[in-house]
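Just so it is clear, the structure is predicted and the values come from calculations on it, not from any experiment. Residue numbers begin at 1 in each chain, while the letters A, B, ... track the order of the sequences.
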Protein chains: 2
Amino acid sequence: MVRRNEQRRAALVDAAIEVLAREGARGLTFRAVDTEAAVPVGTASNYFASRDDLLTQAGARVYERLQPDEATIARQRAAGRDREAYAALMRELVGRVAAFRTGYLALLELRLEATRRPELRKVLTERVRADVDANVAYHEASGLPGDATAVKLLMLTLNWLIVEQLTLPDVFTEAERDHLVTAAVERIVTAE
Amino acid sequence: MVRRNEQRRAALVDAAIEVLAREGARGLTFRAVDTEAAVPVGTASNYFASRDDLLTQAGARVYERLQPDEATIARQRAAGRDREAYAALMRELVGRVAAFRTGYLALLELRLEATRRPELRKVLTERVRADVDANVAYHEASGLPGDATAVKLLMLTLNWLIVEQLTLPDVFTEAERDHLVTAAVERIVTAE
DNA sequence: TTGACACCACTCCATGTGTAGTACTACGTT
DNA sequence: AACGTAGTACTACACATGGAGTGGTGTCAA
């Protein structure tokens with residue numbers, strides 16, 4: 001029987017994200033989720049029809065949780081409008097996303113898993129597209145310098161910088177990473 | 001007993017790369033490698049002391065195979081020295097790496113696995129550092145415009161673009177990807 | 001003949017799934 | 001207040017899968 005306790009379902013999905021980050025996509029089993037969420041064996045089985053179901057819901061959830069919170073947005077609105085402020089913003093962004101280690105790693109695992117699962121690929125593609133569009137729209141409304149291409153290029157660059165930091169942290173030092181973020185903004189964001 | 005037939009060992013490592021790309025890091029078992037390499041069950045067991053051993057060797061091998069071949073390097077030497085030529089080069093690079101789908105995906109899987117395996121992380125960190133250094137050195141010797149920071153920024157940007165293409169190909173169209181590569185070179189590579 | 005290797009067979013063990021069945025709890029009814 | 005019922009939490013089990021490791025036999029070449 002499919003269970004309907006939404007609070008418990010959410011706890012299971014969050015547990016799934018932790019498992020994804022820690023053990024990888026193939027380690028994401030009903031059993032592992034049960035253990036992570038500290039619920040009895042078999043619970044996840046009761047809440048999700050299939051592994052695909054669980055995976056897809058986890059994918060959607062990670063994106064929800066990666067959105068910046070109200071306070072962060074407010075702080076951004078209060079900041080300046082020049083490239084200096086932009087760079088500071090981006091450095092903060094990299095730090096914030098990288099701090100959400102498990103979420104970001106789970107996302108990477110899901111991307112790789114999407115390679116094999118069309119249903120998941122569909123969900124992730126929509127999410128990522130929406131994310132790109134939202135960033136461009138937000139940027140345009142913010143009055144910060146630079147065009148849509150600059151926003152996309154920055155997203156590409158910073159994404160890989162985060163991957164680098166999370167998977168092989170010793171390739172670049174923290175100072176180098178900060179320098180790269182600053183340089184990226186300086187060069188990519190051209191005055192219009 | 002540890003076997004020493006190097007040809008067979010290489011075949012097994014290459015098979016491991018295919019398995020990594022297709023099934024993920026957790027799918028990389030001795031059995032799966034045996035099957036992929038079409039050798040009897042138990043062979044990989046005889047050739048590698050442990051799963052860590054196999055993983056580490058696979059990581060090193062992927063990097064060997066991702067290096068451009070002689071012909072590509074020669075073609076690059078013959079090309080022009082302006083940003084236009086640079087952009088064309090980068091578009092070709094993205095195409096070439098993305099065409100090596102299994103190798104690149106295997107690398108991503110290994111990066112994620114490196115999160116959990118210090119030994120593998122060490123090997124990969126050295127490889128990636130060497131790769132960055134080699135790219136910077138090659139660039140400086142080539143006479144192309146732009147500084148070391150530009151090379152690193154381009155590597156970051158293009159790496160994620162490739163991830164995007166390989167994992168969620170429908171987020172950007174091919175035309176958009178080409179446009180992004182061109183724009184990246186134009187903006188990141190500043191004249192000195 | 002001896003040594004290295006390919007190949008095969010077998011045992012042991014870990015892990016996961018699905019589901020039947022039991023226990024608990026809340027809530028509505030009388 | 002006592003009872004019944006529904007939904008859920010939890011447990012246990014049956015079944016299946018897959019992988020590791022190892023001992024042994026066959027084969028080939030020096």
Side-chain angles (χ1 to χ4, degrees), chain A residues 1-59 61 106 109-110 112-113 115-117 119-120, chain B residues 1-59 61 106 109-110 112-113 115-117 119-120:
Chain A
M1 187 190 297
V2 177
R3 301 295 155 86
R4 312 224 158 273
N5 180 335
E6 287 308 321
Q7 197 175 344
R8 195 155 243 239
R9 174 180 300 269
L12 288 169
V13 174
D14 283 339
I17 292 169
E18 296 304 308
V19 173
L20 270 174
R22 179 156 31 82
E23 321 223 15
R26 271 187 92 106
L28 188 75
T29 64
F30 288 149
R31 284 293 200 275
V33 172
D34 290 337
T35 306
E36 176 70 27
V39 296
V41 174
T43 306
S45 262
N46 288 330
Y47 272 86
F48 302 94
S50 65
R51 213 171 144 269
D52 245 273
D53 187 14
L54 177 56
L55 231 23
T56 306
Q57 292 197 33
R61 189 73 210 279
E109 292 283 355
L110 285 170
L112 287 170
E113 190 68 11
T115 280
R116 307 159 208 134
R117 295 178 180 269
E119 191 54 38
L120 180 60
Chain B
M1 185 190 299
V2 176
R3 301 296 156 85
R4 313 223 157 273
N5 182 334
E6 287 308 320
Q7 197 174 344
R8 194 157 247 238
R9 175 181 300 269
L12 288 169
V13 175
D14 283 339
I17 293 169
E18 296 304 307
V19 174
L20 270 174
R22 180 156 31 83
E23 321 224 15
R26 265 187 98 105
L28 187 75
T29 63
F30 287 150
R31 286 292 200 276
V33 172
D34 291 335
T35 307
E36 176 69 26
V39 296
V41 173
T43 305
S45 262
N46 288 330
Y47 271 86
F48 302 94
S50 66
R51 212 169 144 269
D52 244 272
D53 188 16
L54 177 57
L55 229 25
T56 306
Q57 291 196 34
R61 190 73 211 281
E109 292 282 357
L110 285 170
L112 287 170
E113 190 69 10
T115 280
R116 305 156 209 138
R117 295 177 181 270
E119 192 55 37
L120 180 60

Under 4.0 angstrom, heavy atoms only, what part of the nucleic acid is B:Val39 near: base, sugar-phosphate, or nothing? nothing
Below the 4.0 Å mark, does D:dG7 have OP1 or OP2 next to a side-chain nitrogen or oxygen of A:Asn5? no
Figure out the CD/C1' separation between B:Glu6 and C:dA4, and round it to whole Å. 14 Å
Between C:dC8, D:dG19, D:dA9, spot the one nearest the side chain of B:Thr29, thanks. D:dG19
A:Arg51 CZ to C:dG18 C1', in whole Å, measures 16 Å
Can you tell if the side chain of B:Glu23 reaches within under 4.5 Å of the side chain of B:Glu36, non-hydrogen atoms only? no
To the nearest Å, give me how far apart CG (A:Asp34) and C1' (C:dT19) are. 14 Å
Nearest whole Å is fine: how far is C:dG16 P from A:Glu36 CD? 14 Å
From CD of A:Glu23 over to P of C:dA14, roughly how many Å is that when rounded to an integer? 17 Å
B:Tyr47 and B:Asp53: CA distance, side-chain angles, deciding distance, side chain to side chain contact (heavy atoms under 4.5 Å, CB included) verdict: CA-CA 10 Å; B:Tyr47 271 86; B:Asp53 188 16; over 6 Å; no
Checking side chain to side chain contact (heavy atoms under 4.5 Å, CB included) between B:Phe48 and each of B:Val33, B:Leu55, B:Leu12, which is the one that passes? B:Leu12
Which of these nucleotides, D:dT22, C:dG18, D:dA9, is closest to any side-chain atom of A:Phe30? C:dG18
Distance check needed: D:dG21 C1' versus B:Leu54 CG, whole Å only. 16 Å
Report the distance from atom CG of B:Asp53 to atom P of D:dG21, rounded to the nearest whole Å. 12 Å
Regarding the side chain of A:Ser45, the nearest nucleotide among C:dT19, C:dC8, D:dT11 is C:dT19
Counting only distance, no hydrogens or angles, is the base of D:dA20 paired donor-acceptor with the side chain of B:Arg31 under 3.5 Å? yes
CG of B:Leu28 versus P of D:dG18: gap in Å, rounded? 16 Å
Taking only the side-chain nitrogens and oxygens of A:Tyr47, find out if one of them lies under 4.0 Å from OP1 or OP2 of D:dA9. yes
Less than 4.0 angstrom between a side-chain N/O of A:Arg8 and OP1 or OP2 of D:dC10, yes or no? yes
Between A:Arg8 and A:Thr43, does the side chain to side chain contact (heavy atoms under 4.5 Å, CB included) criterion hold? Intermediate values first, please. CA-CA 10 Å; A:Arg8 195 155 243 239; A:Thr43 306; 3.6 Å; yes
If every non-hydrogen atom of B:Arg116 is compared with every non-hydrogen atom of A:Arg22, which pair is closest and at what distance? NE-O, 3.0 Å
